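Computed from a predicted model, the values in this text were never measured in an experiment.
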Amino acid sequence: MKKSCIAMLLAGGQGSRLYALTQNVAKPNMPFGGKYRIIDFPLSNCANSGIDTVGVLTQYRPLQLNSYIAGGQPWDLDSADGGVFILPPYQTQGEQGAWFSGTANAIYQNMSFIEMYDPDDIVVLSGDHIYKMDYAKMLQVHHEKAAACTIAVLQVSMEEATRFGIMNLGEDGYVEEFEEKPRHPKSDLASMGIYIFNWPKLRRYLIEDENDPNSSKDFGKNIIPNMLSAGEKLWPYRFEGYWRDVGTITSLWDANMDMLSPALINLFDPNWPIRSRSNARPPHYAGEDAEIVHSIVTEGCVIEGHVENSVLSNSAVVGKGAQVLYSVLMPGAVVEDGAVVEYAIIGERTRIGKGAHVGAEPDGTESWGVATCGPDIVIRENAAVPAGAMVYRSEEV
């Protein structure tokens with residue numbers, strides 16, 4: 001079945017920098033923003049952009065992610081001539097291993113899936129970014145510039161540029177050089193890890209790269225530089241909206257706090273909905289003494305205490321006299337009577353005992369507005385903090 005464009009979504013990340021939070025779940029499937037999973041954002045972007053065929057490449061702890069995505073119904077990606085397809089790594093006869101050895105290798109291993117649709121272009125996405133983006137507009141520019149590859153870029157400070165792949169442009173505006181995390185960047189245009197490729201051209205470079213024993217099988221390290229060396233046209237697509245890579249504890253906490261500000265990312269826009277597979281839970285309940293200030297509280301929550309500047313996922317409980325401040329409670333987390341949780345991320349189904357104190361205001365932070373200080377502590381899922389305990393650092397858990 002011929003498709004002009006399909007999407008390939010890389011969702012196999014382990015998220016090792018998120019430590020305890022990803023011990024039992026792939027990073028794209030991690031709860032986020034109260035009622036979402038991280039992967040809801042690229043899937044919703046695909047549906048809203050008119051891309052109805054998405055291959056999701058899984059690897060680390062795929063069972064929960066596969067179950068969550070299922071047939072793609074929540075994102076309107078279950079059409080008869082499209083859909084969401086789970087694409088795990090596989091082993092053919094004579095091969096030594098099956099896991100994807102890099103981002104380029106992941107696409108290479110699934111070329112047969114892509115060729116079923118004979119697309120003109122493919123969109124390659126990451127499953128662990130929080131943003132709203134119209135890929136159709138990017139695709140239009142890709143065609144207008146007759147590019148072999150169009151790379152979404154974000155303008156960052158020169159200090160931040162050392163953490164990204166940086167695009168250096170020629171006088172004609174096309175990409176002239178790509179530098180991976182340069183010590184002395186020449187440009188402030190950072191790659192967002194979102195690509196649109198002309199499929200026939202990419203196919204050739206993938207095959208060549210797979211046959212190179214010295215290659216890392218990576219888009220940023222190998223495919224993009226090889227295309228530049230061959231004189232291909234690569235165009236930078238400038239993105240000016242909200243985007244955050246939630247690869248670290250601090251960035252995950254920051255992004256959850258950002259959900260409290262519609263000025264940063266508007267989740268109430270009916271023209272660009274972010275959809276999710278919602279849990280069947282009753283409405284949240286706030287008791288007589290409950291106080292909820294500038295917070296997100298989702299289905300099934302029971303609030304008897306004080307919640308302020310926090311994000312509560314489904315079925316979280318805050319007991320009488322308890323306080324939750326500048327924190328994220330994952331699904332099913334319980335903060336018992338009189339306990340205090342501040343500047344922390346509390347994992348799924350974790351119980352904070354009566355009168356316990358978890359977390360502390362970061363040093364030097366006197367008021368809300370210094371979100372980059374990050375959370376003081378992260379409690380892994382299914383943990384139990386004893387009543388009366390005082391826990392101020394993650395390593396104490």
field: side chain to side chain contact (heavy atoms under 4.5 Å, CB included) assessment of Met138 paired with Met133
entry: CA-CA 9 Å; Met138 183 176 172; Met133 184 176 184; 3.6 Å; yes
message: Is it true that, when you exclude Glu144 itself, more than 12 heavy atoms of the residues, nucleotides or ligands shown sit nearer than 6.0 Å to its CD?
response: yes
- prompt: Parallel, tilted or perpendicular: which describes the rings of Trp253 and Tyr343, with under 30° parallel and over 60° perpendicular?
  reply: tilted
Side-chain touch Val124/Leu10, heavy atoms, less than 4.5 angstrom: yes
task: List the atom of Trp75, the atom of Ser44, and the distance in Å for their closest heavy-atom pair.
output: CD1-OG, 3.5 Å
- request: Verify, without hydrogens or angle tests, whether Asn256 (side chain) and Gly33 (backbone) share a donor-acceptor contact under 3.5 angstrom.
  value: yes
- request: Check step by step if side chain to side chain contact (heavy atoms under 4.5 Å, CB included) holds for Glu176 and Leu169.
  value: CA-CA 5 Å; Glu176 186 175 68; Leu169 310 184; 5.8 Å; no
field: Residues Gln140 and His142: side-chain donor-acceptor under 3.5 angstrom
entry: no
- prompt: Angle class for the Phe197/Tyr195 ring planes (parallel below 30°, perpendicular above 60°, tilted otherwise)?
  reply: tilted
Spacing of Ser327 atom OG and Ile345 atom CD1 [to the nearest 0.5 Å]: 8.5 Å
- request: Walk me through it: do Val358 and Val385 pass the test side chain to side chain contact (heavy atoms under 4.5 Å, CB included)?
  value: CA-CA 9 Å; Val358 173; Val385 175; 4.2 Å; yes
message: Please tell me whether Val334 and Val318 are part of a single hydrophobic cluster in this structure, the criterion being side-chain heavy atoms less than 4.5 Å apart.
response: no
field: Residues Asp52, Lys3; criterion salt bridge (charged side-chain N to carboxylate O under 4.0 Å, His left out); working and verdict
entry: CA-CA 9 Å; Asp52 65 359; Lys3 293 277 185 180; 3.0 Å; yes
task: For Lys132, look at atom NZ and say whether over 12 heavy atoms of other residues, nucleotides or ligands are found less than 6.0 Å away.
output: yes
field: Separation between CD1 of Ile303 and OG of Ser295, rounded to the nearest 0.5 Å
entry: 8.5 Å
query: Is Asp40 salt-bridged to Arg275, going by a charged N under 4.0 Å from an acidic O?
result: no
- request: Classify the side-chain pair Asn168/Glu179 by whether it contains a donor and acceptor separated by less than 3.5 Å.
  value: yes
Side-chain heavy-atom pair Leu189, Ile166 within 4.5 angstrom cut-off: no
- prompt: Does one hydrophobic cluster hold both Ile346 and Val302, with members joined at side-chain heavy-atom distances below 4.5 Å?
  reply: no
query: Using a distance-only test with no angle check, is there a side-chain donor-acceptor pair under 3.5 angstrom linking His306 and Asp289?
result: no
- prompt: Can you check whether Ile151 reaches Trp235 side chain to side chain, under 4.5 Å on heavy atoms?
  reply: no
message: Could you check whether any side-chain N or O of Lys181 sits under 3.5 Å from a backbone N or O of Arg163, counting only pairs where one atom can act as donor and the other as acceptor?
response: no
query: Is there a donor in the side chain of Asn266 and an acceptor in the side chain of Trp272, or the other way round, less than 3.5 Å apart?
result: no
- prompt: Quick one: does NZ or CZ of Arg37 land under 6.0 Å from the six-membered ring centre of Tyr68, within 45 degrees of the ring axis?
  reply: yes
query: Is it the case that one hydrophobic cluster holds both Val317 and Leu325, taking links as side-chain heavy atoms less than 4.5 Å apart, direct or via other members?
result: no
query: For the atom pair CD1 (Ile39) and NZ (Lys27), what is the distance rounded to the nearest 0.5 Å?
result: 12.0 Å
- prompt: Say you draw a straight line from NZ of Lys145 to CG of Asp172; how long is it, rounded to the nearest 0.5 Å?
  reply: 9.5 Å
- request: Kindly state whether the ring of Tyr237 and the ring of Tyr135 have centres lying under 6.0 angstrom apart.
  value: no
- prompt: Are Leu252 and Met30 close enough that some pair of their side-chain heavy atoms sits under 4.5 Å apart?
  reply: yes
- request: Give a yes or no answer on whether the side chain of Asn211 reaches the backbone of Ile207 with a donor-acceptor pair at less than 3.5 Å.
  value: yes
query: What is the distance from atom CD1 of Ile114 to atom CE of Met8, rounded to the nearest 0.5 Å?
result: 4.0 Å
task: Would you mind checking if Lys320 and Asp337 are paired as a salt bridge, meaning a charged N to carboxylate O distance below 4.0 Å?
output: no
message: Checking the side chain of Ser310 only, and the main-chain atoms of Val307 only, is there a donor and an acceptor separated by less than 3.5 Å?
response: no
query: Considering all heavy atoms of both residues, which atom of Cys5 and which atom of Val123 are nearest to each other, and what is their separation?
result: SG-CG2, 3.5 Å
message: Can you give me the closest heavy-atom contact between Ala148 and Lys201, atom names plus distance?
response: CB-CD, 3.8 Å
message: Do Glu115 and Arg203 make a side-chain contact, defined as non-hydrogen atoms from C-beta onward lying under 4.5 Å apart?
response: yes
message: Main chain of Thr248, side chain of Ser251: is a donor-acceptor contact present, judged purely on distance under 3.5 Å?
response: yes
side-chain hydrogen bond (donor to acceptor under 3.5 Å, both in side chains) against Glu210, all qualifying residues, sequence neighbours excluded: Asn105
- prompt: Which atom pair, heavy atoms only, marks the closest approach of Asp245 to Asp128?
  reply: OD1-O, 3.8 Å
query: Phe41 and Tyr131: aromatic ring centres closer than 6.0 Å?
result: no
Under the ring pair (Phe, Tyr, Trp, His ring centres under 6.0 Å) test, residues paired with Tyr205 that sit two or more places apart: none
query: Is the backbone N or O of Ile196 less than 3.5 Å from a side-chain atom of Thr150, with the two atoms forming a donor-acceptor pair by type?
result: no
field: Test side chain to side chain contact (heavy atoms under 4.5 Å, CB included) applied to Phe85 and Ile69, step by step
entry: CA-CA 9 Å; Phe85 300 87; Ile69 295 173; over 6 Å; no
statement: One should read off an interatomic distance between Gln155 CD and Ser187 OG, to the nearest 0.5 angstrom, of 8.0 Å
query: So do the side chains of Met227 and Leu234 get within less than 4.5 Å of each other, counting heavy atoms only?
result: yes
query: Do Asn314 and Glu299 get their side chains close enough for a donor-acceptor pair, meaning under 3.5 Å?
result: no
query: Looking only at side chains, do Asp209 and Ser215 share a donor and an acceptor under 3.5 Å apart?
result: yes
- prompt: For the hydrophobic clusters of this structure (ILVMFWY residues joined by side-chain heavy atoms under 4.5 Å, transitively), does one cluster hold both Met192 and Phe164?
  reply: yes
message: So Ile130 and Tyr36, do their side chains get closer than 4.5 Å, heavy atoms only?
response: no
field: Which atom of Tyr174 lies closest to which atom of Pro236, heavy atoms considered
entry: CA-CD, 4.4 Å
- request: Tell me whether Met259 is reachable from Tyr326 by hopping between hydrophobic residues (I, L, V, M, F, W, Y) whose side-chain heavy atoms are closer than 4.5 Å.
  value: yes
message: For Arg351, is there an ion pair with Glu336 - N to carboxylate O distance below 4.0 angstrom?
response: yes
- request: Among Leu57, Asn45, Val84, Leu125, find the one that has a side-chain contact (heavy atoms from CB on, under 4.5 Å) with Leu9.
  value: Leu125
query: Looking only at side chains, do Thr103 and Asp218 share a donor and an acceptor under 3.5 Å apart?
result: yes
message: Are Phe239 and Val153 packed together at the side-chain level, in the sense that at least one heavy-atom pair is separated by less than 4.5 angstrom?
response: no
- line: Nearest heavy-atom approach of Pro273 to Asn48 is O-ND2, 3.0 Å
Short N-O contact, Arg204 and Glu232, less than 4.0 angstrom: yes
